[in-house]
Amino acid sequence: MRHSMTAAALLLIVLAVPVIAQTPATPSITPPSAPPTLVFEREVFDYPIAGRRDPFRPLNSNDTSGPLFTELTITGIVYMADSSRSIATFVDLNQKQYRMRRGDRVGNAMVQFIDKTRVVFSIEEFGMKRQESLMMSQPGQGVNK
């Protein structure tokens with residue numbers, strides 16, 4: 001009985017080998033499809049500019065050149081009844097002279113108004129604007145800040 005069992009097991013193995021050999025493993029090949037399309041997505045940002053400073057401009061200086069307001073000293077005023085024709089003269093720390101009218105800009109300051117004894121500036125620093133003025137002590141007599 002033992003011999004017949006071994007022969008039966010051997011017969012099963014011999015019969016199973018051709019079945020395994022006859023079933024080839026077929027790789028799963030997918031048919032070629034259309035090339036993949038690339039999609040580039042980006043974030044879109046909308047910055048409401050009304051009443052706000054440009055976030056991409058530097059805080060410490062503008063694209064203007066010249067001395068800062070604190071470096072200016074008033075040397076004279078030529079006052080005209082038509083204030084748009086009035087002229088104020090200044091010097092900076094390097095003794096460079098400036099002649100300015102209303103609307104002229106130097107450094108971080110812009111002339112807003114020229115009076116008989118004072119010049120009012122609009123100064124922009126760190127994205128904020130403020131007004132300051134330079135005064136002459138007496139017309140034609142020295143300088144006072």
Side-chain angles (χ1 to χ4, degrees), residues 5-6 8-145:
M5 228 165 141
T6 310
L10 188 59
L11 180 63
L12 281 173
I13 292 174
V14 171
L15 290 175
V17 169
V19 171
I20 294 172
Q22 289 176 359
T23 56
T26 57
S28 60
I29 300 175
T30 56
S33 62
T37 57
L38 297 176
V39 177
F40 295 101
E41 294 181 11
R42 69 179 194 156
E43 184 177 354
V44 177
F45 183 75
D46 184 26
Y47 186 79
I49 197 165
R52 297 184 176 179
R53 67 172 214 80
D54 184 357
F56 301 105
R57 286 181 48 199
L59 289 174
N60 59 356
S61 68
N62 296 328
D63 55 355
T64 60
S65 60
L68 299 176
F69 171 76
T70 55
E71 300 172 350
L72 293 175
T73 304
I74 191 167
T75 56
I77 294 176
V78 177
Y79 179 75
M80 302 291 233
D82 180 7
S83 63
S84 65
R85 296 183 56 201
S86 296
I87 298 172
T89 58
F90 305 91
V91 294
D92 64 9
L93 295 176
N94 298 322
Q95 299 304 311
K96 183 175 178 185
Q97 295 185 0
Y98 298 89
R99 268 190 344 214
M100 298 172 54
R101 295 175 186 238
R102 187 175 62 184
D104 288 349
R105 179 178 283 279
V106 62
N108 64 339
M110 182 173 74
V111 176
Q112 292 292 315
F113 181 76
I114 300 175
D115 199 357
K116 291 180 183 180
T117 59
R118 70 183 177 130
V119 179
V120 178
F121 286 89
S122 173
I123 300 153
E124 185 174 347
E125 290 179 322
F126 304 109
M128 304 287 287
K129 287 186 178 181
R130 71 178 198 281
Q131 284 194 346
E132 296 255 351
S133 60
L134 293 179
M135 306 261 310
M136 295 203 50
S137 58
Q138 293 178 6
Q141 299 289 324
V143 178
N144 184 12
K145 277 193 177 184

(message) With heavy-atom distances below 4.5 Å as the criterion, would you say the side chains of Phe90 and Leu134 are in contact?
(response)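 In contact.
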
Please find the pair of heavy atoms, one from [X] and one from [Y], that lie closest to each other, and give the distance.
| X | Y | answer |
| --- | --- | --- |
| Pro67 | Val106 | CD-CG2, 3.5 Å |
| Val111 | Val119 | CG1-CG1, 4.0 Å |
| Arg85 | Met80 | O-CG, 3.7 Å |
| Gly76 | Met136 | CA-SD, 3.7 Å |
| Met100 | Phe121 | CE-CE2, 4.0 Å |
| Arg102 | Ser83 | NH1-OG, 3.3 Å |

(message) Once ring pair (Phe, Tyr, Trp, His ring centres under 6.0 Å) is applied, what residue pairs with a partner in residues 93-115 remain, sequence neighbours excluded?
(response)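 Non-adjacent pairs meeting ring pair (Phe, Tyr, Trp, His ring centres under 6.0 Å): zero.
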
From [atom1] ([X]) to [atom2] ([Y]), nearest 0.5 Å:
| X | Y | atom1 | atom2 | answer |
| --- | --- | --- | --- | --- |
| Asn108 | Lys129 | CG | NZ | 11.5 Å |
| Thr70 | Ile123 | OG1 | CD1 | 8.5 Å |
| Arg99 | Thr75 | CZ | OG1 | 11.0 Å |
| Asp92 | Gln97 | CG | CD | 9.5 Å |
| Ile77 | Ile87 | CD1 | CD1 | 11.5 Å |

(message) I'd like to know whether Tyr79 forms a side chain to side chain contact (heavy atoms under 4.5 Å, CB included) with Thr117, so could you lay out the CA-CA distance, the side-chain angles of the two residues, the decisive distance to 0.1 Å, and finally the verdict.
(response) CA-CA 9 Å; Tyr79 179 75; Thr117 59; over 6 Å; no

(message) Would the distance check show the side chain of Ser122 and the main-chain N or O of Met110 forming a donor-acceptor pair, the cut-off being under 3.5 Å?
(response)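 Here the side-chain-to-backbone pair does not exist.
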
(request) Only counting residues at least two apart or in another chain, list the ones meeting side-chain contact (heavy atoms from CB on, under 4.5 Å) with Leu93. (result)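 side-chain contact (heavy atoms from CB on, under 4.5 Å) list for Leu93, sorted by chain: Glu71.
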
